[in-house]
Amino acid sequence: MNAEAAGQPDLTVIKGVWAVLETVKDPEIPVISVIDLGIVRDVREGDAGLEVVITPTYTGCPATRQIEADIRTALDRAGYRAVGLVIEMSPAWTTDWITPEGRDQLRAFGIAPPVGKPGKRALFGEADQVQCPHCGSHHTEMVSEFGSTPCKSLWKCNACREPFDYFKCL
Amino acid sequence: MAVVTAQMPDEAKHALLQTVLRLGDNALILGQELSKWVSRGPTVELDIALANQSLDLIGQARLLLDYAGRLEGKGRDEDALAFHRDAWDFRNVLLVELPRGDFAKTILRQFFYALWAEAFYGALRQRRDETLAAIAGKSVKEMAYHARHAGEWVVRLGDGTAESHRRLAEALAELWPYTHELFMSDQADAEMVAAGIIPDVEALRPAWEGAVSEVMDAAGLAIPEDTWRPAGGRNGVHSEHLGFILAEMQHLPRMYPEATW
């Protein structure tokens, strides 16, 4: 363990760690950083020194382990070998934690960002009003509730006729 | 977690381990059954949907069995528990080990189970064991999504063609008796309920039955009269089907214990 990890948290180190995390992208959606996706919960002083706290998105998402490995590698490369990586599940991750910048990045990548409030829809409530990320039309319909990754469902736009992924509201 | 389990007497810890194994094994075996649909779904969208749901369940199983391994304290991780236990050590309900059958049977079982799991995890979130509450907080959202997807398909099949209706009715007659085991409880459950660690499953039943009736009405099907109530999986007494599931699931890690991908 290095000197600064044992004592008071060093602000420049914490800032440096955040800057490194900004460069780590989601392996499936490589335009959005793990910060903007809401996966990074905190950078804090733990019992064993400075630690990055992350949260999984879906329990069975295969990308979770890849993301852990990517963060570890990025921290090591930047010289933050002593910084720990802690996984916390509670409170559960929600799409509310995707930042406004993250939502813009998703849209630019062709993925409609989540809309509405998670968990509000009853067993057979109304579906969300999703905007097409290509042409901006709301004249869209769901093709499949499950998509290419656990976090997405499959939609199509009736205005521009393009299919698109929708980041499910969780 | 640490607060609750550290002060626990051995019997209580054993009861908690049973609880966690029951939840974890339900998720594991149902996830394994669902995965058999991969590349065989009726449409590509449903193929993806069933694979996604399988992945969610196996993810939940992983978290639960990891916790079970830590409670047990014998150095077994989630893989050891999934791949190196025999049928009589599994604690899943019989419902999840029945052969997946046709799409109607698969989707009806998914509806029954997901609706139950949504209610159970929803209540579990408020209970005292921090690890279980955290796992429940994540899982409840996934199970709500499964219940909605499956419920919509139950209505579509029941209210669809004569053939889809017939198949769903057959599935209902076969599966309904097995749903009772989801609401059974024993001494270990009672202890966990009294300790504030799990919800009383009987209290969840009226809402579950209400939601099932609503969907069955929309699907044009009547809930069958009670005949028998097969049970035993929660205590390790399984049907002949579990052995075949385990044989397939465990074959590789048992042949090559240290194999990595």
Side-chain angles (χ1 to χ4, degrees), chain A residues 28 38-39 41 47 53-66 68-69 86-97 114 116-128 141-156 163 165-170, chain B residues 1 27 31 35 41 43-64 66-67 111 114-115 118 121-122 125 130-155 207 210-212 214-215 218 261:
Chain A
E28 291 289 336
I39 288 174
R41 209 166 263 204
D47 296 336
V53 186
I54 61 171
T55 188
T57 51
Y58 283 75
T59 53
C61 183
T64 305
R65 294 211 157 185
Q66 188 60 45
E68 282 171 44
V86 177
I87 296 157
E88 268 183 13
M89 280 186 298
S90 181
W93 178 84
T94 151
T95 42
D96 287 349
W97 295 353
K117 280 279 160 209
K120 287 286 185 235
R121 196 180 154 200
L123 196 54
F124 293 117
E126 283 300 303
D128 299 326
E141 68 179 285
M142 186 169 67
V143 178
S144 172
E145 287 204 287
F146 293 86
S148 53
T149 67
C151 57
K152 287 178 282 184
S153 57
L154 205 57
W155 287 62
K156 69 174 176 186
D165 276 332
Y166 167 55
F167 208 103
K168 294 193 295 212
C169 205
L170 187 75
Chain B
M1 180 252 321
S35 74
T43 66
V44 71
E45 288 81 8
L46 284 168
D47 202 289
I48 292 167
L50 296 172
N52 264 276
Q53 294 180 42
S54 167
L55 204 56
D56 285 344
L57 287 163
I58 290 170
Q60 293 165 16
R62 182 166 215 149
L63 297 173
L64 288 161
D66 165 69
Y67 184 36
F111 176 63
L115 202 57
E118 182 189 358
Y121 288 138
R125 271 183 304 187
E130 285 172 23
T131 306
L132 273 184
I135 296 170
K138 286 221 65 64
S139 307
V140 68
K141 297 176 174 195
E142 296 167 357
M143 297 322 290
Y145 204 81
H146 295 196
R148 193 168 78 210
H149 177 261
E152 287 174 358
W153 270 102
V154 168
V155 173
V212 167
E214 199 182 310
V215 167
W261 201 239

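Values below: every heavy atom of this structure, side chains too, minus hydrogens, waters and symmetry copies. In what follows, every chain begins at residue 1, and chains take the letters A, B, ... in the order their sequences are listed. Every value quoted in this text rests on a predicted model; they were computed, and no experiment measured them.
With a threshold of 4.5 angstrom between heavy atoms, B/L63 approaches chain A through side-chain atoms but not through N, CA, C or O. At a 4.5 Å heavy-atom cutoff, the contact between A/P56 and chain B is made by backbone and side-chain atoms alike. Looking at A/T57, the atoms closer than 4.5 Å to chain B (heavy atoms on both sides) all sit in the backbone: N, CA, C or O. Neither the backbone nor the side chain of A/T64 comes within contact range of chain B; no heavy atom of the residue lies under 4.5 Å from a heavy atom of that chain.
Listed for the B/K141 side chain is a donor-acceptor partner under 3.5 Å among the backbone atoms of A/W93.
Here the side chains of B/V44 and A/S144 are not in contact, with every heavy-atom distance at 4.5 Å or above. Side-chain contact between A/E145 and B/E45 is absent, with no heavy-atom pair separated by less than 4.5 Å. Inter-residue side-chain proximity for A/Y58 and B/K138 is flagged as unmet; no heavy-atom pair is nearer than 4.5 Å. Using a 4.5 Å heavy-atom threshold, the side chains of B/I48 and A/S148 count as separate. With a 4.5 Å cut-off on side-chain heavy atoms, A/C169 and B/Y145 do not count as touching.
Between the side chains of B/E142 and A/T59, at least one donor N or O lies within less than 3.5 Å of an accepting N or O.
In this structure, SG on A/C61 lies 7.5 Å from CG on B/L55, to the nearest 0.5 angstrom. Between the CZ atom of A/F146 and the CG atom of B/D47 there is a distance of 12.5 Å, given to the nearest 0.5 Å.
Of the residues considered (B/G31, B/A49, B/A61, B/A134), B/A49 shows the highest number of contacts with chain A, using heavy-atom pairs under 4.5 Å.
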